[in-house]
A.B. asks: 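One structure, pasted below without further comment.
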Amino acid sequence: MVGPTLLDRMAPVLPSIVSDIESMVTCESPSADLEAVAASAGVVATVGTARLGSEPERIVVAGRTHLRWRLGRGDPRVLLLGHHDTVWPLGSLSDHPFTVTDGVLRGPGCFDMKAGLALAFHAVAALGDPSGVTVLVTGDEEVGSPTSRALIEAEASGCAAALVLEASADGGALKTERKGVSLYEVAVHGRAAHAGLEPERGINATIELAHQVLAVAALADKRQGTSVTPTTMSAGTTTNTVPAVGVLSVDVRVRHAAEQERVHAAMCGLRPVLEGSRLDVRGGANRPPLSGSSSADLFERVTRVARELGLAPPTSAAVGGASDGNFTAGVGTPTLDGLGAVGGGAHAPDEHVLVAELAPRAALLAALIGDLLAVLPTTGPTHYSSGPAATGRPQ
Ligand SMILES: [Zn+2]
């Protein structure tokens, strides 16, 4: 049940949304610094506990701290997903302090995505009964989620919807498509020789790499939205030696899972051009695509919910960058991303959040969660007794 009252109720909460963002932004959390991430997890846990009324589980994987709240009774049905690490190194606050000026909030990681965490906490707090909601806040999204991926996938596969609190696209647009990512390294093994005395005895890894660069680039398919980009490359040891080894990095972005498979097969099928040289291709899919079919129903739902709240209909955007929403979509869970703050400048000096959009955004999120909980069946009142085998979730 949604209505304009939710908007009215959220407006007076704005000062505490802003102060929660301040608490989290002023605890710096660069992904690479495990101690900083652990300290940040402590702050996020304190902020979240105050709003949600219960403490999170602290899940530490390889020294990295993630937080999970499974709220109320019954099985988890709706996953709210965010991260508390940022790309900003320690000390960024001295150049980019937390400020709110003329309705614009600034500070490292405010837009991506500590404001999104505050929105999640306040949206859930506005629900009468949060039963069925899981809030998962991870600590390594900005480095590709190496220690949280399994947790995210397991948590999402038990839920009927994943709502990702990443920053919105331009003008507050929700992210309904994100490209999948594959990463490769192509190593070339040739043979060294003196470039002056007997170059004919060498097998030139630089020339082999040149052939491979063009072969790799040709795998792109613009019509399918597939980019295959040769990026860094190095070969050789000295300027007067035929290079014996070289290595090429390749960044692949796809809209469709079938394209990810096609490119993978082609990458694995690369063959050397020079006689006697050898290729070693490493890598593969890093994140599956979040395709439009994963988000379509949720986008339709949030559009209706916005109308019922009296808000402008949300817009949607397809983006090339990946997020943890790719993982939730990858396990087949309907996923809507970009539900976090409205603003701009992610990963950039002008990172900012528009304060006026915070309360309506929290109201929209609360209404969407409430709408989902109302239609999703509750599956058993005491789900934790069903055990890990039945739920498929890690302990
Ligand atoms: Zn992010």
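Counting starts at 1 for both ligands and their atoms, in listed order. Nothing fancy with the numbering, it's 1 onward along the sequence. Quick note: numbers below take in every heavy atom, side chains included, and nothing from hydrogens, waters or symmetry partners.
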A.B. asks: Does the distance from a Lys or Arg side-chain N to an Asp or Glu carboxylate O, for Arg304 and Asp371, drop under 4.0 Å?
C.D. replies: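 Yes.
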A.B. asks: Give every residue pair that meets the ring pair (Phe, Tyr, Trp, His ring centres under 6.0 Å) criterion with at least one member in residues 167-204, sequence neighbours excluded.
C.D. replies: Tyr184-His264
A.B. asks: Answer yes or no: is there a donor N or O on one side and an acceptor on the other, between the side chain of Asp112 and the main chain of Gly109, under 3.5 Å?
C.D. replies: no
A.B. asks: Will you find, in the side chains of Ser291 and Ser293, an N or O donor that is under 3.5 Å from an N or O acceptor?
C.D. replies: yes
A.B. asks: Say whether His84 and Ser40, considering side chains only, have a donor N or O and an acceptor N or O under 3.5 Å apart.
C.D. replies: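 Short answer, yes.
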A.B. asks: State, without any angle test, whether Asp140 and Thr147 hold a side-chain donor-acceptor pair at a distance under 3.5 Å.
C.D. replies: yes
A.B. asks: Under 2.8 Å from the Zn ion (ligand 1), which protein N, O or S atoms do you find? Ignore water molecules.
C.D. replies: His83 NE2, Asp112 OD1, Glu166 OE1, Glu166 OE2
